[in-house]
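Reading through the structure tokens given below for one structure.
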Amino acid sequence: MAAIETQSVEQVDKVSLRVLVDKERNRVLYAEAGKDFVDVLFSFLTLPLGTIARLVSKDSNIEAVKFGSISSLYQSVSKFDQQYLWSHTCKEMLLNPRNSMEDYCQKLKLNIDDTSMQYFVCENWDCRRKNSGCRLSIFRNKICYCGKVMNREVFPEYPNLENGFVKKNVTFIISDDLYVMPNVFEASLRLLKKVVDLLKLSLTSKAALTSFILKKNRFVVNPSRRNNLEFLIGELPSDEDRQISVKVTVQKSDEQILFVEAGDDFVDFVYSFLTFPLGRVLHMLQGFSSLSCIDNLYKSLCDLSPDIYLMSQGLKDKLTKPLIATQFELIKQLLPIGVATLPVNYCHTYYDHVKKFVPLELADHDPSIAKSSFVKGPSTYMVTDSLFVSLMSSISTMLFLKRSKVRLSDLEERVIKIGVKEGLSILKASLTSTSALQCGLKKFIKTVKVEK
Ligand SMILES: [Zn+2]
């Protein structure tokens, strides 16, 4: 029997965690934690992918990491020429995507999401007290339709807001690969069985708690070694009307996708990845994202009985199918993404101390201004294998091909249609691979070839 000892780990902001460590192997067997820590884990599922890319690109105790192709997509947005976007706020919106559950997250003891949570209304008093649809912006100093500046911060009213996600006074057991379960006797028995699984998993995936607590090297799977089968997803109906056509440039000799030539619709689609909450992505991928720890975290939440362990029944749905924030709704969204509604009212007090609730209406993604898209177009874009988006030009294409050292005679263009299935496949690949297009579209370009 290996030597096992318990350690108490206290984070800076005093969220405590008891861990059981196998000293011989220097591995965490499991951790025991209460509401504060479990809330933090579940809050990961509410984070938009763009926020995750931003947070992990900075050094913490661990050096910065790449989040599949999402990191490169994020970088390309920050470098993208603003004049080709609908408004300057589009870029801001994509680089700092708002969390549709920010109201829950801001009450957490540890909230890693540093995205601003401010809301602004017009400085014009007449505009503000309008009984129907006072305009609201998530950016300070936007110009209101009355011509004045929207610079008054307001605090929306959240009715019956719970504090975090799981109930107080319940403890949970968390396995090294982040499966969260209620701390009852039966759970520790089941966990013992999982320890064997853990050993197997450690060969192929990250052991999150071990690296977190014992600061051991992370078990990182080399993306190029991943089996392509991992990127296959179940059969889904493709929506014919919403398909997006793209031209794929393939290296014939090894069937490698070099880049995609696409229009506004595809770029909007790829950009929208940054706005998807992680939990929603897991929902669309039916729990199989290939990020093993996240898959476990998601599965454990799905297995949790909401009436016993969560603050409210509805929270389970909210966390397992989180919505995108209102301003991110696209006219031509291929994927089944739900959109959150705005905080409905804000309250202001009149001189005579009478409280008044005014309904709000978001001005940042007004269809008449932004047409519910990010890029203005019509333009042609080059999207690289790692989802780096730039404007297409003959010079940029030549430079790219020169850098890639490919022979022109080895190139072939194929037109493929991106529907729900293809779109989900790219999204899935983008989470774990820096070759999102190659991994996500490989099997689809083969199909095209057969048809020829
Ligand atoms: Zn105004």
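In listed order, ligands and their atoms are each counted from 1.
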Step by step, work out the ring-ring contact (aromatic ring centres under 6.0 Å, His included) result for Phe266 and Tyr381.
CA-CA 9 Å; Phe266 186 68; Tyr381 310 84; 9.8 Å; no

Between the side chains of Ser69 and Ser430, does any donor sit under 3.5 Å from an acceptor?
no

Would you say the side-chain atoms of Asn124 pair up with the backbone N or O of Lys148, donor to acceptor, closer than 3.5 Å?
no

I'd like to know whether the aromatic ring centres of Phe120 and Phe139 sit less than 6.0 Å apart in this structure.
no

Name all residues meeting the side-chain hydrogen bond (donor to acceptor under 3.5 Å, both in side chains) criterion together with Glu123; count only those two or more places apart in sequence or in a different chain, and write none if there are none.
Asn151

Would you mind counting protein N, O or S atoms that sit less than 2.8 Å from the Zn ion (ligand 1)?
4

Would you verify whether the NZ or CZ of Arg414 falls within 45 degrees of the ring axis of Phe444 while also being under 6.0 Å from that six-membered ring's centre?
no

